[in-house]
Student: 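Pasting in a structure now, in structure tokens, and then I'll have a few things to ask.
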There are 2 protein chains.
Amino acid sequence: MTKDKRYQHITKFTVAVDCIVFGFDGTRLKILLVKRGLEPEKGKWSLMGGFVNDNESAETAANRILKSLTGLEGIYLEQYQTFSSPDRDPVQRTISVAYFALIDINKYQESINTDFEAQWFNIKEFPQLIFDHGDMVHLAQKKLQYKAASHTILFELLPEKFTLPLLQSLFEDVFDTSFDKGNFSRKMLSTKLLIKQKEKDKSNSKKGAFYYKLDKKHYQENLHKILKLIPNPNQLL
Amino acid sequence: MTKDKRYQHITKFTVAVDCIVFGFDGTRLKILLVKRGLEPEKGKWSLMGGFVNDNESAETAANRILKSLTGLEGIYLEQYQTFSSPDRDPVQRTISVAYFALIDINKYQESINTDFEAQWFNIKEFPQLIFDHGDMVHLAQKKLQYKAASHTILFELLPEKFTLPLLQSLFEDVFDTSFDKGNFSRKMLSTKLLIKQKEKDKSNSKKGAFYYKLDKKHYQENLHKILKLIPNPNQLL
DNA sequence: ACAAAAGTGTTGCGCCTACACCCATGA
DNA sequence: TCATGGGTGTAGGCGCAACACTTTTGT
């Protein structure tokens, strides 16, 4: 029963990649869904996905697929689970490697590919999806919370310049809670990851809130570190 | 470029499952490796693995494979990454879904299947492995640390009755550090997960250390919760 | 009696939360 | 000048790490 004996008569499977693309519109955490163009399940919403080609890894396939949809390269991408239930795709047995992606929704707007009839949905109110894509989204949301509770990945969702109140509203929506603004501000600034800009955003208040940029260098160096960004990370996962 | 158009001419792949089986012998964290019986790479060490069959999920396959090796069912199993580099298996393009498993090394001793020439190795000193199995082990170790820093999964490695000093030495080996025994004891007991037994283990000291059992009910209820078990979880992952 | 490991007590520091307060500015 | 959101200051408490101390018992 070692591998070699069985190389001859083993089943082969089609292998797909599905991407949960997260974005943030300034108020709500969103996911990007596409409309299926063909049967079966024509007209229904699904995740952006595709098949893994002959000479590429799942990671490469995911990047290729995301580029074809958004025009963007170098997107933050994290493999989080492989779905392999025998009956998950009724047309053909398919194994799917699921990724979640974090993109700046504004960059996406510029380079959108209209072929896919893509649309943003609030993570809390997305429509019914084909196959097991609904499960994939729910798990992706949990994994995002889990990782973001201790790593600084949520910056990937923000534009180059952003204010602390905007950052806070992002965290509040991702974790479905609210934070004390003073404590939130101090905690974020203590990471030394933010560089204060001269300009303010006055669209939300008379006083205006300072813009910040990410300290890219410091950010890259600290990606692997774990910070206590969330007060009570219990009950995540 | 939607899925359906391409259902016809997509490549299929063999899909494997590979298991990193962790055990704890009372002193060191170990992994279980098997000796390859056939070419290529005959005689080299590898992870326990096998192919996913027609009508089973990767999870089912992993459980089946682990049972064939250890005789055990209901083993703690966690999918942590899928490896899909095109050239990872030189014989045939194969995608592998990797799992790590946690077992009580004593239970294993009772029911070992000798067909596989399996052997335990210290996690820090395992031999060269075939394909990308070395990478798989390193990543599994990181994921184990990451998860165990906040979840109570390491109990899966212990026998039914265990002492606090034994538990501590397990944590110390997993995280490659040392803990203050007083603080460690308090932290563990504060979880309310341990039930003190009447007997002591006197093999390591004159005074003897009390045995504890897991409060299974409380344990199951709290599996999803996150505790701060490790003082400085920085630099994990 | 003493050595050696198990287990308990205690203290002080640091962080974090809660909440009060000040600031800037458009209307 | 007042309303509104941005931002700062601070006090209390809790948790945790460090380390001293007590307990137990085989030799």
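Fair warning: this is a prediction, and the values are worked out from it, not measured in the lab. The chains referred to below are lettered A, B, ... by the order of the sequence lines, with proteins before strands, and numbering in each begins at 1.
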Student: Compare side-chain N and O positions of A:Lys181 against OP1 and OP2 of C:dC19 and report whether any pair is under 4.0 Å apart.
Tutor: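 Negative; the distance criterion is not met.
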
Student: Return the value, rounded to whole Å, for the distance between atom CG of B:Asp201 and atom C1' of C:dG7.
Tutor: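 Spelled out: CG on B:Asp201 to C1' on C:dG7 is 15 Å.
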
Student: Take atom CZ of B:Phe179 and atom P of D:dA17, then tell me their distance rounded to the nearest Å.
Tutor: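 From B:Phe179 CZ to D:dA17 P: 9 Å.
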
Student: Closest nucleotide of DNA chain D for A:Leu164 versus for B:Gly182: which of these residues is on the 5' side?
Tutor: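 Nearest nucleotide further toward 5': that of A:Leu164.
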
Student: Nearest-Å distance, CG (A:Asp180) to P (D:dG9)?
Tutor: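 Those two atoms, CG and P, are 15 Å apart.
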
Student: Within the modelled atom types, does a donor on one side and an acceptor on the other bring the side chain of A:Lys200 and the base of D:dG6 under 3.5 Å apart?
Tutor: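 Check fails, no donor-acceptor contact within cut-off.
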
Student: Taking the six-membered ring for Trp, are A:Phe126 and A:His133 ring centroids under 6.0 Å apart?
Tutor: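 Centroid separation for A:Phe126 and A:His133: 6.0 Å or greater.
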
Student: What is the separation between atom CZ on A:Phe184 and atom C1' on D:dG9, rounded to the nearest whole Å?
Tutor: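 So the two atoms are 19 Å apart, to the nearest Å.
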
Student: Look at the side chain of A:Lys206 and the base of D:dG5, then say whether one donor and one acceptor between them are separated by less than 3.5 Å.
Tutor: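 Checked by distance alone, the answer is no.
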
Student: For the pair made of CD in A:Glu199 and P in D:dG6, what is the distance, rounded to whole Å?
Tutor: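 Result: 17 Å.
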
Student: Which residues pass the side chain to side chain donor-acceptor pair (under 3.5 Å) test with A:Asp135, sequence neighbours left out?
Tutor: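 Result, side chain to side chain donor-acceptor pair (under 3.5 Å) vs A:Asp135: none returned.
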
Student: Quick one: A:Asn183 CG to D:dG6 P, roughly how many Å, whole number?
Tutor: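 In whole Å, D:dG6 P lies 16 Å from A:Asn183 CG.
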
Student: Under 3.5 Å, is there any donor-acceptor pair linking the side chain of B:Arg186 to the base of C:dG9?
Tutor: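 Such a pair is found, so the answer is yes.
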
Student: To the nearest angstrom, how far is A:Lys207 atom NZ from C:dC21 atom C1'?
Tutor: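 So the two atoms are 12 Å apart, to the nearest Å.
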
Student: Is there a ring pair (Phe, Tyr, Trp, His ring centres under 6.0 Å) between B:Tyr146 and B:His151? Walk through the geometry before answering.
Tutor: CA-CA 9 Å; B:Tyr146 188 66; B:His151 297 81; 8.8 Å; no

Student: Just checking A:Lys202: base, sugar-phosphate only, or nothing, at a heavy-atom cut-off of under 4.0 Å?
Tutor: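 Result for A:Lys202 = sugar-phosphate.
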
Student: Kindly write out the residues that satisfy side chain to side chain donor-acceptor pair (under 3.5 Å) with B:Ser190, not counting sequence neighbours, or none if the list is empty.
Tutor: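 Result, side chain to side chain donor-acceptor pair (under 3.5 Å) vs B:Ser190: none returned.
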
Student: For B:Tyr212 and C:dA6, what is the distance between atoms OH and P respectively, to the nearest whole Å?
Tutor: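 Answer to the nearest Å: 12 Å.
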
Student: Would you say the side-chain atoms of B:Gln119 pair up with the backbone N or O of B:Leu32, donor to acceptor, closer than 3.5 Å?
Tutor: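 Judged by distance alone, no pair lies under 3.5 Å.
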
